[in-house]
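Along the sequence shown, residues carry numbers from 1. Every number for a ligand or one of its atoms is a count from 1 in the order of the listing.
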Amino acid sequence: MNFSEYKNKRENAPSISFEVFPPKDDSEFEKLKGILAKLAEFSPSIITVTHGAMGKGRKRTLEVASYVKNVIGTESACHLTCIGSSEREIDLMLEGIEQKKIHNIVALRGDIPKEEGKELLSKGAFQHANQLVEHIRKYEKEKPQRFSLAVAGYPEKHIESPSFEEDIANLKKKVDAGADIIITQLFFDNRYYFDYVERVRAAGIDLPVIPGLMPVLSSRQVIRISSLCGTEIPSSLKKKLNGAGDDNRKAVEVGIAQCRDQARELIDKGVPGIHFYVLNRTSHIEKILESI
Ligand SMILES: Cc1cc2nc3c(=O)[nH]c(=O)nc-3n(C[C@H](O)[C@H](O)[C@H](O)COP(=O)(O)OP(=O)(O)OC[C@H]3O[C@@H](n4cnc5c(N)ncnc54)[C@H](O)[C@@H]3O)c2cc1C
């Protein structure tokens, strides 16, 4: 199923999508192939493949997304970040995506790498994801194929945004430029998602908003990720992870239970899909999907 089909989805069950990151080298890719085959057994609608900011690892993103689509036979999406990239670099990636017959793109600005400052924004052709979406829609005008485009949404507001109002207004720019769906940043408290959907609807946006969930694997990991993207760790989750201490097996169990409970409530409330940040692992996802 392409991103653009989420809107007209008829069946009640939510679509499942998985997000993986590209391998660093060939031997990692061989391992990833096994992981992808296992993920495909869960019949996801789409497997999406992340992309380094400033185009790092662009070739690998395409290679993995093509493997998913053309070898495994599951629909795939390439994430495409525009920060620090020229229009030509973006077009080369779009040509590659087209050649590999991939129909879905997650169109993003990309994070500003720590070693760079905000000046990086002015070094590339596009400063924000809405411009990338606009560019993709212009690019495909002469082509037979229309891409299905997902953009990022932030239930706890984007970390750089001064206010929710501004962040939602900027989301609207991506929607007006031609996005088909919104996939959210991960969150650990569903209330943020439900409030966010209300804000999005109040702004006149009627696209599907797919919640992004990430099963926690360790205390250290959750602290690092939440500080990077400004996600709150609820005190109940913190307590359970502290209780697990250095026992990674216990921490994984806490993460599975947390993600399962979030997914159950989201499904009960009728979300159109769930996007799982699987971090190139399968055992935790298997347990979560079995239990929901
Ligand atoms: C589902 C998902 C997948 C992701 N995949 C990747 C990935 O593969 N690789 C990667 O590097 N990162 C990825 N990210 C992280 C993402 O790149 C960062 O969160 C980045 O900081 C913002 O990207 P964006 O596309 O939301 O940017 P934007 O929509 O451009 O927003 C960035 C900030 O600028 C503001 N803004 C937006 N438009 C305008 C405008 N026109 N004028 C002024 N201000 C504006 C926004 O309010 C926000 O604060 C992903 C995030 C999500 C939710």
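Taking the six-membered ring for Trp and thresholds of 30 and 60 degrees, Tyr277 and His275 have ring planes more than 60 degrees apart, a perpendicular arrangement. A tilted orientation is assigned to the rings of Phe276 and Phe18, their planes being inclined by 30° to 60°. Below 30°, between 30° and 60°, or above 60°: for His158 and Tyr154 the angle between ring planes is above 60°, a perpendicular geometry.
Between Thr61 and His79, the side chains place no donor N or O within less than 3.5 Å of an acceptor N or O (distance only, hydrogens not considered). Side-chain atoms of Ser4 and Ser148 include a donor-acceptor pair closer than 3.5 Å. A side-chain donor-acceptor contact under 3.5 Å links Glu98 and Tyr139. At a cut-off of 3.5 Å, with distance as the only test, a side-chain donor of Glu232 or Tyr192 sits close to an acceptor on the other residue.
By heavy-atom distance, the residue among His79, His51, Lys172 lying nearest atom 3 (C) of ligand 1 is His79. Taking only non-hydrogen atoms, the option from Leu121, Asn170, Ile168 nearest to atom 45 (C) of ligand 1 is Asn170.
Note: no N/O pair closer than 3.5 Å links Tyr277 and ligand 1 by distance alone. Taking only nitrogen or oxygen atoms, main chain and side chain alike, Glu19 does not reach within less than 3.5 Å of ligand 1. Remark: ligand 1 and Ala129 share an N or O pair separated by less than 3.5 Å (distance only, no angle test). For ligand 1, the polar-atom distance check finds an N/O of Gly110 within less than 3.5 Å of one of the ligand's N/O atoms. For ligand 1, the polar-atom distance check finds an N/O of Arg109 within less than 3.5 Å of one of the ligand's N/O atoms. Looking at Thr50 next to ligand 1, no N or O pair under 3.5 Å apart turns up. At a 3.5 angstrom cut-off on N or O pairs, Glu160 does not count as close to ligand 1. Any N or O atom pair closer than 3.5 Å counts here, and Thr81 shares no such pair with ligand 1. Where the criterion is an N or O separation shorter than 3.5 Å, residue side chain and backbone included, Asp167 meets it with respect to ligand 1. Checked against a 3.5 angstrom limit, the closest N/O atoms of Asn130 and ligand 1 fall inside it.
Annotation: cation-pi pair Arg109/Phe126 absent, no NZ/CZ under 6.0 Å from the ring centroid and within 45° of its normal. Because its NZ or CZ atom is not both nearer than 6.0 Å to the ring centre of Tyr67 and within 45° of the ring axis, Lys69 does not count as a cation-pi partner of that residue.
Residue contact check: Ser161 has heavy atoms under 4.0 Å from atoms 47 (O), 49 (O) of ligand 1. For ligand 1, the atoms lying closer than 4.0 Å to a non-hydrogen atom of Gln185 are 53 (C). Annotation for ligand 1: atoms under 4.0 Å from non-hydrogen atoms of Ala152 are 26 (O), 52 (C), 53 (C).
Ligand 1 is approached by Tyr154 to a heavy-atom distance shorter than 4.0 Å.
The hydrophobic clustering, which links ILVMFWY residues whose side-chain heavy atoms are closer than 4.5 Å, places Leu39 and Val71 together.
From the protein, the heavy atom lying nearest to atom 49 (O) of ligand 1 is His158 ND1, 2.8 Å. For atom 13 (C) of ligand 1, the closest non-hydrogen atom on the protein side is Leu108 CD1, 3.9 Å. Among all non-hydrogen protein atoms, the one lying nearest atom 34 (O) of ligand 1 is His128 CE1, 3.0 Å. Here the protein heavy atom with the shortest distance to atom 15 (C) of ligand 1 is Asp111 OD2, 4.0 Å.
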Which atom pairs, one a donor and one an acceptor, fall under 3.5 Å between side chains of residues 208-220 and the rest of the protein, sequence neighbours left out?
unit_1, atom_1, unit_2, atom_2, d
Ser218, OG, Gln221, N, 3.1

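Only the side chain of Lys173 comes within 4.0 Å of ligand 1, judged by heavy-atom distances. Only the side chain of Lys174 comes within 4.0 Å of ligand 1, judged by heavy-atom distances.
Between the Asp180 side chain and the Leu149 main chain, a donor and an acceptor come within less than 3.5 Å of each other.
Summarising the geometry, atom CG belonging to Leu171 is positioned 14.0 Å from atom NZ belonging to Lys157; distances are rounded to the nearest 0.5 Å.
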